[in-house]
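Shown next, in structure tokens, is the structure this report addresses.
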Amino acid sequence: MSTSMFIAQTSVPALWLLIAVVGASIHSARSKRLTRLEIWQRWWAVAALGCGSAWMTVSFLLIPDVMTTAIGFRETPFVTEIAFANLGLAVGGFRAVRAGRRERITIGLIAGMFLWGATIGHLFQSFAHGNGAPGNTGGVLVYDVAIPAVMIILAMRSRSTDAQVAGHAR
């Protein structure tokens with residue numbers, strides 16, 4: 001596989017991160033109604049976690065052979081389970097748009113348990129079995145680590161910002 005083809009294939013998950021960053025940046029520059037932090041939390045929840053996980057759901061259900069080949073795994077019945085686990089993450093991401101801080105933290109933690117576990121699995125397959133397939137390395141690792149981490153950090157930041165505002169109001 002050529003280097004440019006590998007980069008193109010491994011970068012697909014990062015598109016959802018890019019959409020979230022670009023969308024939040026544009027929205028933040030134009031919004032007078034929502035705080036920047038709230039805008040970033042919403043864009044990250046919808047685009048990065050919600051749409052990214054929905055895309056994974058559809059992909060694993062409709063083109064499981066393409067997905068397993070991209071990851072470097074054999075197709076098994078677990079592909080359907082991966083699809084529905086991603087559907088749960090998508091629902092959580094879409095729910096997080098209107099959720100409070102605690103719920104966003106919880107959704108981030110739930111996403112982290114699945115995605116960080118997947119990261120460990122990808123790294124193990126890479127190092128122990130030499131699986132350098134585009135869907136096992138590169139962009140998927142960034143996606144799997146960043147999505148829940150950023151969700152949790154943004155929600156925690158929201159908590160500290162609210163505490164600061166409450167302290168000034170006294």
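None of the values given here were measured: they were computed from a predicted structure.
Both M151 and V142 sit in one connected hydrophobic cluster of ILVMFWY residues. Membership requires side-chain heavy atoms under 4.5 Å apart, directly or through other members. No continuous path of ILVMFWY side-chain contacts below 4.5 Å connects L141 to Y143, so the two sit in separate hydrophobic clusters. Under the 4.5 Å side-chain contact rule for hydrophobic residues, F73 and L123 do not share a cluster. Linking Ile, Leu, Val, Met, Phe, Trp and Tyr whenever their side-chain heavy atoms come within less than 4.5 Å leaves V140 and I82 in two separate clusters.
Checked against side chain to side chain donor-acceptor pair (under 3.5 Å), R36 has no partners two or more places apart in sequence or in another chain. The side chain to side chain donor-acceptor pair (under 3.5 Å) check on S28 picks up W40, with sequence neighbours excluded. Evaluation of the ring-ring contact (aromatic ring centres under 6.0 Å, His included) rule for F124 yields H129 as partners, not counting sequence neighbours. Looking at residues two or more places apart in sequence or on another chain, you find a salt bridge (charged side-chain N to carboxylate O under 4.0 Å, His left out) between E38 and R42, R104. Residues satisfying the side-chain contact (heavy atoms from CB on, under 4.5 Å) test with A47, not counting sequence neighbours, are I19, A20, W43.
Here the CG-CD1 distance, from N131 to I71, works out to 9.0 Å after rounding to the nearest 0.5 Å. Taking CG of N86 as the reference point, atom CZ of F114 lies at 5.0 Å (rounded to 0.5 Å). In this structure, CG on L154 lies 12.0 Å from CD1 on I39, to the nearest 0.5 angstrom. L34 CG to H27 NE2: the interatomic distance, rounded to the nearest 0.5 Å, is 5.5 Å.
Pairs passing the side-chain hydrogen bond (donor to acceptor under 3.5 Å, both in side chains) check and including a residue from residues 11-23, sequence neighbours excluded, do not occur. For residues 111-123, the side-chain hydrogen bond (donor to acceptor under 3.5 Å, both in side chains) pairs, not counting sequence neighbours, are H122-N136. Sorted by first and then second residue, the salt bridge (Lys or Arg N to Asp or Glu O under 4.0 Å) pairs with a member in residues 64-88 form an empty list; sequence neighbours excluded. Listed by first and then second residue, the side-chain hydrogen bond (donor to acceptor under 3.5 Å, both in side chains) pairs that reach into residues 105-114 come to none, sequence neighbours excluded.
Under a 4.5 Å side-chain heavy-atom criterion applied to ILVMFWY residues, the cluster that includes F94 comprises V46, V97 as well. Applying the under-4.5 Å side-chain rule to Ile, Leu, Val, Met, Phe, Trp and Tyr, the cluster around I26 extends to L18, V22.
In this structure, the side chain of T68 engages the main chain of P64 through a donor-acceptor pair within 3.5 Å.
Contact record, S126 with T137: OG-CG2, 3.9 Å, taken as the closest heavy-atom pair. Counting all heavy atoms, side chain and backbone alike, A133 lies closest to A70 at CB-O, 3.2 Å. Shortest non-hydrogen contact noted between P148 and G108 is CB-O, 3.3 Å.
Between W44 and I147 the shortest side-chain heavy-atom distance falls below 4.5 Å. For the pair L89/L115, a side-chain contact is recorded, criterion being any heavy-atom separation below 4.5 Å from C-beta on. Side-chain atoms of L37 and R157, non-hydrogen and from C-beta on, do get closer than 4.5 Å to each other.
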Using distance only, find each side-chain donor-acceptor pair of residues 48-58 under 3.5 Å and give its atom names and separation, not counting sequence neighbours.
unit_1, atom_1, unit_2, atom_2, d
S53, OG, L49, O, 2.8
T57, OG1, S53, O, 2.9
T57, OG1, A83, O, 3.2
T57, OG1, L87, N, 3.0

